[in-house]
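The next block holds one structure in the form of structure tokens; read it before the comments.
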Amino acid sequence: MATCQFDQARRYFGKATSMDPLFAPAWVAFGHAFSAQDERDQAMAAYRTAARLFPGLHLPVMAMGMEYGAMNNLQLAERMLVTAHELCPHDPLTCHELGVLCYKNGQYPEAESWLRQALQQAPKGGVLGPNRTWKAARQEAKGSGQAGGCSIEELGRGLGRAWEPCVLALGHCLRKQSKLVHALQAYNLALSLNPGQPGTLSAKAFTLHLMGDLQQAVQAYHAALAVRPDDPFTADMLQTALVSYSAMD
């Protein structure tokens with residue numbers, strides 16, 4: 001799996017499940033190997049087997065929710081992910097997936113709340129944040145414009161590179177809510193965790209563009225295109241920014 005040799009990984013995981021049908025990690029990993037090649041039916045079969053054999057284990061339930069999300073069946077994805085979170089509220093990955101689901105549904109305050117909780121609970125040697133239920137997170141997001149209370153700097157303290165997608169998703173949520181300064185901070189944090197990502201550079205440039213900082217936006221667009229020159233969105237926005245910038249002179 002680590003070297004992306006998914007066919008061989010499936011063969012070995014299949015042998016592992018045959019040797020010990022009650023070995024939960026093998027069933028979950030077996031599903032991951034199928035999912036990595038977009039073989040949804042086989043992945044779901046492996047996850048369902050794991051969930052049936054090991055009731056109370058949240059990992060196969062969460063994986064099923066992720067598969068439903070990938071298939072754009074958001075209603076079933078929500079049901080599975082909420083169940084997984086209720087089974088294990090201490091797992092930050094379930095919070096991350098719930099945040100992504102809310103983002104897909106256009107529920108940006110709720111998405112921000114879940115992503116902040118994921119980053120608060122992420123393993124980084126500090127004190128974990130409080131656990132919340134699905135209902136509590138929705139109520140908090142509706143009643144507060146700043147979910148979670150922690151600054152981006154505080155959320156990013158001690159984070160590992162694996163949490164860069166969560167930080168990036170948080171930046172998108174903040175930008176969608178017009179919290180541009182905080183979104184820019186999130187993008188900068190994401191770039192510090194995983195430098196040179198063209199998507200993050202483009203998102204940062206677009207945020208600077210929205211903030212009216214055209215000079216910095218143009219530089220960021222160029223940085224993104226240097227990594228991925230065939231990105232049509234970044235190229236179009238660069239032209240728009242250059243026209244606006246030249247009109248200011």
Side-chain angles (χ1 to χ4, degrees), residues 35 38 40 58 61-86 89 91-122 129 131-152 155-156 159 161-191 193-194 197-207 209-210 224 231 233-234 237:
S35 179
D38 294 328
R40 306 297 180 194
H58 80 289
V61 180
M62 179 179 64
M64 284 191 286
M66 295 167 68
E67 286 299 309
Y68 281 127
M71 293 185 286
N72 209 33
N73 191 334
L74 302 184
Q75 186 174 3
L76 283 176
E78 178 180 327
R79 186 184 305 172
M80 292 292 104
L81 291 173
V82 169
T83 301
H85 180 70
E86 291 172 349
D91 187 351
L93 185 55
T94 60
C95 299
H96 169 78
E97 292 301 327
L98 283 165
V100 172
L101 177 66
C102 289
Y103 184 88
K104 288 183 176 180
N105 282 324
Q107 301 168 324
Y108 304 123
E110 291 91 339
E112 179 189 351
S113 179
W114 281 115
L115 293 169
R116 283 179 176 275
Q117 184 178 352
L119 294 173
Q120 287 172 345
Q121 293 186 347
N131 298 304
R132 287 169 291 170
T133 64
W134 171 255
K135 183 178 179 181
R138 286 197 172 205
Q139 290 175 343
E140 177 183 296
K142 289 179 181 179
S144 173
Q146 178 75 11
C150 293
S151 67
I152 300 299
L155 289 173
L159 275 181
R161 182 175 179 177
W163 290 98
E164 179 262 346
C166 190
V167 176
L168 179 60
L170 177 59
H172 293 336
C173 289
L174 293 166
R175 176 173 51 81
K176 286 287 189 178
Q177 298 176 82
S178 299
K179 301 177 182 179
L180 300 181
V181 174
H182 296 300
L184 185 60
Q185 292 172 350
Y187 292 139
N188 284 331
L189 175 57
L191 287 170
L193 295 173
N194 194 8
Q197 292 300 302
T200 310
L201 289 168
S202 181
K204 175 183 176 179
F206 185 52
T207 303
H209 196 162
L210 292 174
D231 185 352
F233 171 79
T234 305
M237 293 309 301

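When a residue number appears, it is its place in the shown sequence, counting from 1.
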Indicate the atoms forming the closest heavy-atom contact of [X] with [Y], along with that distance.
| X | Y | value |
| --- | --- | --- |
| Leu81 | Met62 | CD2-O, 3.8 Å |
| Gly171 | Ala183 | O-CB, 3.6 Å |
| Glu164 | Asn194 | CG-CB, 3.6 Å |
| Ala186 | Leu174 | CB-CD1, 4.4 Å |

Task: By side-chain contact (heavy atoms from CB on, under 4.5 Å) - contacts of Thr83 (at least two apart) - done: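 Thr83 satisfies side-chain contact (heavy atoms from CB on, under 4.5 Å) with Val61, Leu87 once adjacent residues are dropped.
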
TODO: Would you please say whether a donor-acceptor pair under 3.5 Å links the side chains of Tyr187 and Arg175?
DONE: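 Per modelled atom types, Tyr187 and Arg175 side chains form a pair under 3.5 Å.
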
Can you give each donor-acceptor pair under 3.5 Å made by side-chain atoms of residues 198-206, sequence neighbours left out, with the distance rounded to 0.1 Å?
residue, atom, partner, partner atom, Å
Ser202, OG, Thr234, OG1, 2.8
Lys204, NZ, Asn188, OD1, 3.1

Task: Check: Ala63 main-chain N/O paired with Glu67 side-chain donor or acceptor under 3.5 Å - done: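 No: the side chain of Glu67 does not pair with the backbone of Ala63.
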
Rounded to the nearest 0.5 Å, what separation is found between the [atom1] atom of [X] and the [atom2] atom of [Y]?
| X | Y | atom1 | atom2 | result |
| --- | --- | --- | --- | --- |
| Asp91 | His96 | CG | NE2 | 11.5 Å |
| Asn73 | Met64 | CG | CE | 13.0 Å |
| Leu119 | Gln121 | CG | CD | 10.0 Å |
| Cys150 | Gln117 | SG | CD | 11.0 Å |

Task: Gln185 side chain near Val167 side chain, heavy-atom distance below 4.5 Å - done: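 No; the side chains remain at least 4.5 Å from each other.
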
Task: Heavy-atom side-chain contact between Glu112 and Leu115 under 4.5 Å - done: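 In short, these two side chains do not touch, never coming nearer than 4.5 Å.
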
